[in-house]
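Beneath this line is the structure, given in structure tokens, with notes to follow.
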Amino acid sequence: MAVKDVKSKQEVDNLVKEGSSVMIHFWASWCEASKHMDQVFAHLSADFPHAHFLRVEAEEQPEISEAYSVSAVPYFVFLKDGKTVDTLEGAYPSDLANKVSKIVGSIHAGEPAAPASLGMAAGPSVYEAIQDFAKINNSSRGKTNPPAPAGISDPLKTRLEKLTRSHPIMLFMKGTPEEPECGFSKKAIEILKTENVKFGTFDILSDNEVREGLKKFSNWPTYPQLYCNGELLGGSDIIIAMHEGGELKQAFTDHGVGNDDVSKSTVAGPDTQQTGVTNSTGLSLALTSRLESLINSAPVMLFMKGNPNEPRCGFSRKVVEILREEKVDFKTFDILSDDEVRQGLKVYSNWSSYPQLYIKSELIGGSDIVLEMQKSGELEKVLFEKVIISLQDRLKKLVNSTPVLLFMKGTPDGPRCGFSSKVVNALKEEGIKFGSFDILSDEDVRQGLKTFSNWPTFPQLYYKGELIGGCDIILELKSNGELASTLSE
């Protein structure tokens, strides 16, 4: 069954009510990852003809997006028997294929659902589509010297070309082979070692210019990225799929790279890098001045579609909600009202979509980044560091962030002092659920809380925003059988 573009929420509701298996892809025209995943989605619709595959342009259909809590793209919702049974956020082809396989069942009647391997779970057409990604991404470059992609200066383009060709097999990853800093990078390293080939690596966390520039250079939004003789093969999911299907070794051979030597990694160092990258955006001085003036017009500035009272897309609405939850004053600019600003700011900020949030003139990011920062507490910390919210306000929010909160040294799994360890054990023995904050990780909170609570030492235990006490009081309450009741009143 072909993928159907949905134009109304009623269309979705009607199919869901039927109880059929329904897969929805929420996408956006500006998102390259959406385009890649759309190809996989289309092939899946061919492999699973009895299911319904729907496509929703998230920003153009805010009612549907809000109904399914979409805050970033690509985003997939899986429904069966009238209920949402699973979701997927991000560009993960193998996960998408396996979630569809799990919900719909086997590709061929009478066969069991396939295991968690992209090539096996999704059927041959999907696997072929994944293998084509690298070819598609590199086909536009050709054999000549094309101009640098939009947002990349010629010197940076030259530097990236040199880096991608610095070794026959080159992996851009988070961390190093000895100390990977994400599971996907670690898996890629394991696969390359299993393939028994020499390879070089570059830690993209060490150089933000390379990290951001390579996304545009390769037209690939995530890491790790694997190159063979300067050509992109793909990211983690594609590397895994090609390895499991036996295609990775063949790809290396096709590029003239053998596996005669024992696997060895080489980390690209400063001598492989070039300097002198220009900061020129190519924008006129007048427009640049106007954009800078707008960005600096308020400490917290949001460029969005619509206005706070009438957002014109779900992503803008979500960021407005987050800023209101953080209780900060902010100013907005409706980019739909001025196309010069709308297009110019993309180039100025090197950020291709909206909304865009700036704090003290510094770009924080779009809706997905702002949402993630809020979830992790990083947004609150940035607002404090930029003097947008006071320490007093930050501490008030912290102590009320969960009913039972322990400010301690270290974490519950790794206490850094005996008193903290004793309180953690007391709470666990009483079966009390609690949150914790490592005061060693934030000196402002550590010192500020002493004054805020009028309590000079740690740990400190709070219940519903009120200080209960330190180690001695907690242990005494437990000894008297009063700890559980005190924390449940």
Side-chain angles (χ1 to χ4, degrees), residues 33 36-37 39-40 43-44 47 90-98 101 114-139 141 160 163-178 180 182-204 214-215 217-268:
H36 294 318
M37 294 300 289
Q39 296 178 51
V40 182
H43 282 282
L44 281 167
D47 280 341
Y92 305 106
S94 60
D95 286 351
L96 174 60
N98 285 299
S101 179
S117 162
L118 176 61
M120 297 174 69
S125 61
V126 177
Y127 183 50
E128 289 167 7
I130 294 298
Q131 288 180 285
D132 285 342
F133 279 176
K135 298 177 184 177
I136 293 170
N137 287 334
N138 286 285
S139 62
R141 296 191 191 128
L160 294 175
L163 277 174
T164 57
R165 294 180 179 276
S166 59
H167 294 84
I169 299 174
M170 186 69 183
L171 181 69
F172 292 82
M173 62 180 290
K174 293 182 179 180
T176 65
E178 293 73 29
C182 82
F184 302 111
S185 294
K186 182 178 180 181
K187 184 64 178 178
I189 290 294
E190 292 172 352
I191 287 174
L192 291 174
K193 288 181 176 179
T194 301
E195 293 286 345
N196 201 30
V197 292
K198 288 183 177 180
F199 61 97
T201 67
F202 186 95
D203 179 8
I204 54 96
L214 196 63
K215 294 178 183 179
F217 177 87
S218 64
N219 196 22
W220 195 269
T222 58
Y223 290 98
Q225 293 183 18
L226 180 65
Y227 288 77
C228 190
N229 282 341
E231 290 190 19
L232 176 68
L233 294 184
S236 177
D237 287 291
I238 292 176
I239 297 169
I240 293 170
M242 293 180 73
H243 171 66
E244 292 178 348
E247 298 293 331
L248 189 57
K249 190 182 298 292
Q250 185 61 48
F252 291 152
T253 302
D254 291 344
H255 284 81
V257 179
N259 62 344
D260 302 328
D261 303 305
V262 175
S263 62
K264 180 181 178 182
S265 62
T266 306
V267 179

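Values below: all heavy atoms of this structure, side chains included; hydrogens, waters and symmetry mates excluded. For reference, positions follow the sequence shown, starting with 1.
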How many angstroms lie between CD in Glu195 and CD in Glu190, if you round to the nearest 0.5 Å?
-> 13.0 Å
Is there a side-chain contact between Pro93 and Met37 (heavy atoms, below 4.5 Å)?
-> yes
Between CE of Met173 and NZ of Lys186, what distance do you get to the nearest 0.5 Å?
-> 11.0 Å
Just say parallel, tilted or perpendicular for the rings of Tyr227 and Phe172, cut-offs at 30° and 60°.
-> perpendicular
What closest approach, in Å, do Phe199 and Val197 show between heavy atoms, and which atom pair accounts for it?
-> CD2-O, 3.4 Å
Tell me, please, which residues at least two apart from Lys187 pass salt bridge (Lys or Arg N to Asp or Glu O under 4.0 Å).
-> none
Residues at least two apart in sequence or cross-chain that pass ring pair (Phe, Tyr, Trp, His ring centres under 6.0 Å) with Phe184, listed by chain then number, are Tyr92
Does the Ser218 side chain pair with the main chain of Leu214, one donor and one acceptor, at a distance under 3.5 Å?
-> yes
State, yes or no, whether a side-chain contact exists between Leu233 and Ile239 at a heavy-atom distance under 4.5 Å.
-> no
Can you find a heavy atom in the side chain of Phe252 that is under 4.5 Å from one in the side chain of Cys228?
-> yes
Interatomic spacing from NE2 in His243 to CG in Leu226 - rounded to 0.5 Å = 12.5 Å
Hey, does Ile204 have a side-chain heavy atom less than 4.5 Å from the side chain of Lys174?
-> yes
Could you tell me the separation between the CD1 atom of Ile191 and the CD1 atom of Ile240, rounded to the nearest 0.5 Å?
-> 5.0 Å
Atom pair NZ (Lys249) and CG (Asn196), whose distance is rounded to the nearest 0.5 Å = 7.0 Å
Any chance you could measure Ser185, atom OG, to Leu171, atom CG, to the nearest 0.5 Å?
-> 6.5 Å
